[in-house]
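Nothing here was measured: the structure is a model prediction, and the numbers come from that model. Each ligand, and each atom within it, is numbered from 1 in the order the structure gives.
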Amino acid sequence: MKIVFFGLEKSDQSVFLNSFDGADVSFVEEKLDENNTEKARDADAVCTFVDSTMDKNVLDALPNLKFIASRSTGVNHIDCKYAESKGIKISSVPAYGSHTVAEFTFGLISNLSRNIIKANDYIRDSSDFNYFPIMEGFDLQGKTLGIIGTGKIGKNVLKIAQGFAMNVFAYDLYPDLSFAKENNFKYKSFNEVISSSDIITLHIPYSKENHHLINRENISLMKKGVYLVNTARGELIDTDALIWGLKEGIIAGAGLDVLEGERELKEEIEILSSSSRSMKMEEYKILLEDRILIDMPNVIITPHIAFYTREAVAEILKVTLNNIKGFIANAPINLVK
Ligand code: NAI
């Protein structure tokens with residue numbers, strides 16, 4: 001049994017090193033993509049994170065592969081349908097970060113409402129302890145938060161919002177009506193939520209079906225001065241439309257932990273100076289648009305760290321260890337359906 005781990009921090013490797021009797025365990029520092037599949041050519045199992053690309057080409061280059069252990073909740077970096085057609089099983093970590101990501105979401109919301117980062121940058125640059133209009137914020141109390149997706153994370157966001165005395169409207173493909181009753185909020189249609197919210201926050205998985213869920217058409221329906229927060233997946237928002245909405249003043253600000261094209265952004269210099277990795281025109285466009293967003297003063301961007309706390313990482317490692325043990329014992333758990 002050969003198991004190859006990609007992109008795992010050195011300090012986390014000891015969790016897996018002597019945990020699987022008789023298995024050949026190895027660690028590759030980089031993430032997995034089509035440029036380094038030879039490092040797992042005869043692997044029975046690979047363990048990756050969301051920065052790896054496990055598309056058709058990569059899966060075809062791993063002929064012995066039977067199992068993928070993803071150290072994440074979202075698995076949109078894997079072509080799951082194709083993996084299934086090849087009999088490859090996938091386990092994920094279903095619930096490590098529901099409080100973690102919800103807390104971070106409110107970190108972004110508080111920074112948007114109170115200009116904490118701007119004020120801190122100002123005082124660092126100037127040593128001037130006066131305050132100016134650019135630092136004036138707004139109260140969250142009494143404002144309406146629109147939650148798109150009331151799964152594990154969305155539910156925790158809702159509870160925090162109620163602690164701030166916000167009104168909440170939510171949209172979900174599968175509304176949890178008893179949770180809504182217990183927690184005294186209403187589900188509305190998608191258009192109703194986005195057109196009546198002061199702040200909109202996304203908490204749904206990405207799929208081809210909801211690609212660019214937030215687009216120019218529905219940004220036009222939003223309240224002027226709305227704030228948009230995304231800790232789910234970058235591809236849920238059409239970046240071009242977001243920039244348009246910000247420039248038009250429909251969207252007053254955005255807090256984004258995830259970006260469309262974040263993978264390319266991570267390797268920007270490598271990609272631009274390499275002849276082996278070519279990008280499509282559309283990818284270049286998104287990369288440029290991401291740069292525009294990063295430079296906008298009313299946009300807060302973080303590098304996909306909503307999950308990244310001591311507690312959540314420990315949980316990811318524990319669950320992943322058990323997922324791999326389950327596969328070895330022929331009793332897989334936490335399978336992606
Ligand atoms: P979950 O599976 O518990 O909840 C997702 C909810 O979205 C479900 O209630 C589902 O019915 C709903 N939904 C699915 N598609 C929808 C659509 N098109 N429209 C409306 N509702 C839809 O997932 P959880 O744990 O709450 O996570 C949500 C997402 O957050 C993950 O899929 C992942 O992409 C992202 N995430 C981001 C992290 C980060 O570090 N930034 C860390 C962990 C998760």
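- Taking distance alone, with nitrogen or oxygen atoms compared against 3.5 Å, Lys152 approaches ligand 1 more closely than that limit.
- Among the atoms of Phe307, some N or O lies under 3.5 angstrom from an N or O of ligand 1.
- Under a 4.0 Å criterion applied to the non-hydrogen atoms of Val101, ligand 1 contributes the atoms 38 (C), 42 (C), 43 (C).
- Of the candidates Asp176, Ile153, Asp257, Ile153 brings a heavy atom nearest to atom 44 (C) of ligand 1.
- Geometrically, ligand 1 and Arg233 share a nitrogen or oxygen pair separated by less than 3.5 Å.
- The residue from Phe307, Phe6, Tyr308 that alone fulfils the ring-ring contact (aromatic ring centres under 6.0 Å, His included) condition with Phe49 is Phe307.
- Taking the ring centroids of Phe164 and Phe106, they lie under the 6.0 Å cut-off.
- Residue nearest to atom 5 (C) of ligand 1, selected from Ser98, Pro205, Gly149: Pro205 (by heavy-atom distance).
- Each of the atoms 42 (C), 43 (C) of ligand 1 lies under 4.0 Å from some heavy atom of Tyr96.
- Between Gly74 and ligand 1, a contact under 3.5 Å exists for no N or O pair.
- Of all heavy-atom pairs spanning Val58 and Thr53, the tightest one is CG2-O, 3.3 Å.
- At least one heavy atom of Tyr171 sits under 4.0 Å from some atom of ligand 1.
- Here Thr100 has no heavy atoms under 4.0 Å from ligand 1, in either its backbone or its side chain.
- Summarising the contacts of atom 38 (C) of ligand 1 with Asp172, Ile316, Thr231, the nearest heavy atom is found in Thr231.
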